[in-house]
Amino acid sequence: MKKKLYHVIKEASKEWGDADFNIEHTRQKEFGDLATNIAMVLSKQAHQPPLEIGEVIARKLRKYSMFSKVEVVKPGFINLFLSDEVYINIFKEVLGKGEAFFKPDVQGKRIQIEFVSANPTGPLHVGHGRGAAIGDALSRILSFCGHTVEKEYYINDAGNQIQTLGESVFFRYREICGEKISFPEYGYKGDYIKDIAQNIYQRESKSLLEKEEKEAVKICAEYASNTIMEDIKNDLKEFRINFTNYFHEIFLYPDQIEKAINYLKEKDLVYCKDNALWFKSTSFGDDKDRVLKKSDGSYTYFASDTAYHQNKLSRNYDELIDIWGADHHGYVSRIMAAFNALSPEDCKLHIILVQLVNLLEKGERISMSTRGGQFETLRDVIKEVGVDACRFMFLTKSTNTHLDFDIQIAKEQSMDNPVYYVQYAHARICNIFEQVKRKKINIRENVGNYILKTEEEKNIVKELVILREAMDKSVQELEPFYVVKSLINIACAFHQFYNRRRVIGAEEEIMQSRFKLIDITKKAISTGLSLIGVSAPKQM
RNA sequence: GCGCCUGUAGCUUAACGGAUAGAGCAGCGGACUUCGGAUCCGCCGGUUAGGGGUUCGAAUCCCCUCAGGCGCACCA
């Protein structure tokens, strides 16, 4: 609809030449349905007052039957009031296309999105949960819009952290075996480490003590990372997230890392200094060059990450998306540098930073690093507030803003917690159809004469159009939050309608139209909710 | 010290450079004899952290100050 309008307005204003104008949904209904700033934009280049230009354009626009009123106001806005005919046509279009109406026109691409990727050294916490909710919603939205999406989890199972994990477990194991040890400062101190050590003890008894320490630590590390990874996978499943693929860092050792380094060498982007191997990331905009291979011969994580991205490139995606916690932002420029060095041409890499989550309870901050708090893990939070509320909560604010997650509020069923508001609208519609069934009211397949008389009904139609635009915007900006916001507005438009108008009991023609209207509204809500991984219950 | 993110009503927040800064919660007051009151309507509440600048027009862009968060390794 906007596209069509765009052309109409462009046509009406062509005597002044091209301009970068826009059309927006108005905030207040006195300003019509839509408004454009074209007169103000043109006034600069035409050296003419915007009101004059606006009046000329408005005169032309008034000839179109799609507008019931066109007015030019104060600073130079042209307010457009759409005729009922336009609403009816959109309404028919939505009904004809069904769910497909909400898909923006996009060219299908192959996209890989990597998210969560938490190290298998401890359970997922709330911050991971937000990344998970955003990554998963984004995948669903992208694939709904026609892209082919693969979701990948990268497991860091090769570096020092795993070594430390193994050592930590082995310390606990020795403790269980009766040795007196002093647990190292750098070790993982969580209780889950003790549980894992206990399991190993039950399986192996004291046999590990007879092995060489290096060997024993390795066994512990392997066992621990596997069990923790299993737990993580269970948490993700619980959170309704299925990855297409789990990629192990260890798989890159050492051949693919060498391959990546050699590739950079051939391009003369690598040099030796102080016995270490450096990548010239400054040539690609990074602040300083980065080490690939340390002087002790081992690789940095940066080296394996580089190799990992080369591996991704070899899989022929059109676009790559990495979702990281905002605490990794210092890492962005070096990976971008490596990526640009590796990828001569088309494939694009987007790095999305998810801002941190503050976990609160009744306004009090719960620390995530100490074990004082009750709900530091994602699992605990899900158990407490439920998957629906949890996922919705993570998505109500844009990715790039800090999120205060208050357990207390997430449990409440108020407008602070809009998931119920949206679900309730869905349940209400379902209930109307329940009543219809019970009262044996006939729903006609073909409604000859569509009627959208009231503001409330037109509002719903308008919000459905906005959902499609939100879908488009979410894809453009890789930001699922627009869809969520639109869902809340659709629910709002429906609740307003519901409170002022009736479906059952309205005059036959109107009732039949309204059946169609609420049916498509229900579809919009359930589709939208499914895209963010939230259920659409029939009753609550 | 350098870099990134953030600062909007008591709280949580919205606003492609556009109109009187828009919502929800909390507070106060109302609404269905009929489809679910987890809803709807009204009132109260703002110097958009502060100060400069850019322009027809700034919460938004630029500079400075203040406050908070996070990064600045041959760590992961």
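Proteins come first, then strands; the chains are lettered A, B, ... in the order of their sequence lines, and each starts at number 1. Fair warning: this is a prediction, and the values are worked out from it, not measured in the lab.
- For the C1' atoms, the distance linking B:rA59 with B:rA9 amounts to 14 Å, nearest Å.
- Across the protein-nucleic acid pair, A:Ile352 atom CD1 and B:rC4 atom C1' stand 17 Å apart, rounded to whole Å.
- Nucleotides B:rC72 and B:rC62 place their P atoms 25 Å apart, quoted to the nearest Å.
- Here A:Arg290 lies out of heavy-atom contact (under 4.0 Å) with every strand.
- The side-chain contact (heavy atoms from CB on, under 4.5 Å) test with A:Arg514 singles out one residue from A:Ile432, A:Thr454, A:Val447, A:Leu452, and that residue is A:Thr454.
- Counting non-hydrogen atoms under 4.0 angstrom, A:Ala35 reaches a base of the nucleic acid.
- If you check every strand for non-hydrogen atoms under 4.0 Å, A:Arg501 touches a base.
- Phosphate contact (OP1/OP2 of B:rG17, side-chain N/O of A:Asn37, threshold under 4.0 Å): absent.
- At a threshold of 4.0 Å, the pair A:Asp286-A:Arg290 counts as salt-bridged, since one of the basic side-chain nitrogens sits closer than that to a carboxylate oxygen.
- If you check every strand for non-hydrogen atoms under 4.0 Å, A:Phe31 touches a base.
- With rounding to the nearest 0.5 angstrom, the CZ atom of A:Arg130 is 6.5 Å from the OG1 atom of A:Thr399.
- The separation between A:Ile432 atom CD1 and B:rC32 atom P is 20 Å, rounded to whole Å.
- Among the duplex regions that RNA chain B forms, those built from at least three successive Watson-Crick or G-U pairs under 3.5 Å are B:1-7 with B:66-72, B:10-13 with B:22-25, B:27-31 with B:39-43, B:49-53 with B:61-65, ordered by first number.
- Side chain to side chain, A:Tyr482 and A:Glu477 meet the donor-acceptor criterion of an N or O pair below 3.5 Å.
- Remark: A:Arg428 is in phosphate contact with B:rG37, judged by side-chain N or O atoms under 4.0 Å from OP1 or OP2.
- As rounded to whole Å, 18 Å separates atom P of B:rU39 from atom CD1 of A:Ile490.
- A donor-acceptor contact under 3.5 Å is formed by the side chain of A:Ser295 with the base of B:rC74.
- The shortest distance between the side-chain N/O atoms of A:Gln496 and the OP1/OP2 oxygens of B:rU39 is not below 4.0 Å.
- Rounded to an integer number of Å, the gap from A:Lys485 NZ to B:rU12 P is 19 Å.
- Using a 4.0 Å cut-off, no side-chain N or O of A:Lys294 falls inside it from OP1 or OP2 of B:rA73.
- Taking the C1' atoms as reference points, B:rU8 lies 14 Å from B:rG50, given to the whole Å.
- In this structure, NZ of A:Lys273 is placed 13 Å from P of B:rA73, rounded to the nearest angstrom.
- Within the nucleic acid shown, A:Ile429 has no heavy atom closer than 4.0 Å to any nucleic acid atom.
- No salt bridge links A:Arg500 with A:Glu457; every basic N to acidic carboxylate O contact stays at or beyond 4.0 Å.
- The side chain of A:Tyr424 lies closest to B:rA38 when the candidates are B:rU13, B:rA38, B:rA15.
- For the C1' atoms, the distance from B:rG45 to B:rC28 is 12 Å, rounded to whole Å.
- The side chain of A:Lys288 places an N or O atom within less than 4.0 Å of a non-bridging phosphate oxygen (OP1 or OP2) of B:rA73.
- Checking the phosphate oxygens (OP1, OP2) of B:rA38, no side-chain nitrogen or oxygen of A:Tyr420 falls inside 4.0 Å.
- Across B:rC75 and B:rC61, the matching P atoms stand 38 Å from one another, rounded to whole Å.
- For the pair A:Arg428 and A:Phe494, the cation-pi criterion (under 6.0 Å, within 45° of the ring axis) is not fulfilled.
- Taking atom CG of residue A:Asn499 and atom C1' of nucleotide B:rU34, one finds them 13 Å apart after rounding to whole Å.
- Between the side chain of A:Asn489 and the base of B:rA23, no donor-acceptor pair of N or O atoms lies under 3.5 Å.
- Comparing atom distances between the A:His329 side chain and each of B:rC70, B:rA38, B:rC74 picks out B:rC70 as nearest.
- The C1' atoms of B:rU65 and B:rG46 are separated by 23 Å, rounded to the nearest whole Å.
- Separation of the A:His495 and A:Tyr424 ring centroids falls under the 6.0 Å cut-off.
- Between the side-chain ring of A:Tyr421 and the base of B:rA38, no stacking contact exists by the 5.5 Å and 30° definition.
- As judged by a 4.0 angstrom heavy-atom cut-off over every strand, A:Gln423 is placed among residues making no nucleic acid contact.
- Among the protein residues, A:Asn160 comes within range of the sugar-phosphate backbone only, with heavy atoms under 4.0 Å from sugar or phosphate atoms but none that close to a base.
- Residue-to-nucleotide proximity on RNA chain B shows that, of A:Pro75 and A:Val291, the 5′-proximal contact is made by A:Pro75.
- Checked for salt-bridge contact, A:Glu508 and A:Arg444 meet the test: a charged N lies under 4.0 Å from a carboxylate O.
- Straight-line distance between the C1' atoms of B:rU48 and B:rU6: roughly 14 Å, to the nearest whole Å.
- For a distance-only test at 3.5 Å, the side chain of A:His328 fails to qualify as a donor-acceptor partner of the base of B:rG71.
- Among the nucleotides B:rC5, B:rU34, B:rC74, the one closest to any side-chain atom of A:Arg502 is B:rU34.
- The NE2 atom of A:His402 sits 14 Å away from the P atom of B:rC4 (whole-angstrom rounding).
- Taking atom P on both nucleotides, B:rU20 is separated from B:rU34 by 44 Å, rounded to a whole Å.
- The residue A:Val73 sits close to a base: some heavy atom pair falls under 4.0 Å.
- Checked by atom type, the side-chain pair A:Glu258/A:Tyr299 shows a donor-acceptor distance below 3.5 Å.
- Backbone-only engagement by A:Asn119 is indicated by non-hydrogen atom pairs under 4.0 Å involving sugar-phosphate atoms exclusively.
- Note on A:Lys293: nothing from the nucleic acid sits closer than 4.0 angstrom, heavy atoms only.
- Here A:Phe21 and A:Tyr6 bring their ring centres to under 6.0 angstrom of each other.
- Straight-line distance from the CD1 atom of A:Ile510 to the C1' atom of B:rU34: 16 Å, rounded to whole Å.
- Under 4.0 Å is where a charged nitrogen must lie from a carboxylate oxygen, and between A:Glu114 and A:Lys312 at least one such pair does.
- Using a 4.0 Å heavy-atom distance criterion, A:His495 is classed as a sugar-phosphate-only contact.
- Residues A:Lys473 and A:Ile78 both approach RNA chain B. Their nearest nucleotides, taken by heavy-atom distance, put A:Lys473 toward the 5′ side.
- A:Asp287 comes within contact range of no nucleotide atom at all, as no heavy-atom separation falls under 4.0 Å.
- Within the 4.0 Å cut-off from OP1 or OP2 of B:rC41, at least one side-chain nitrogen or oxygen of A:Arg500 is found.
- A:Tyr308 and A:Tyr154 have their aromatic ring centers within a separation under 6.0 angstrom.
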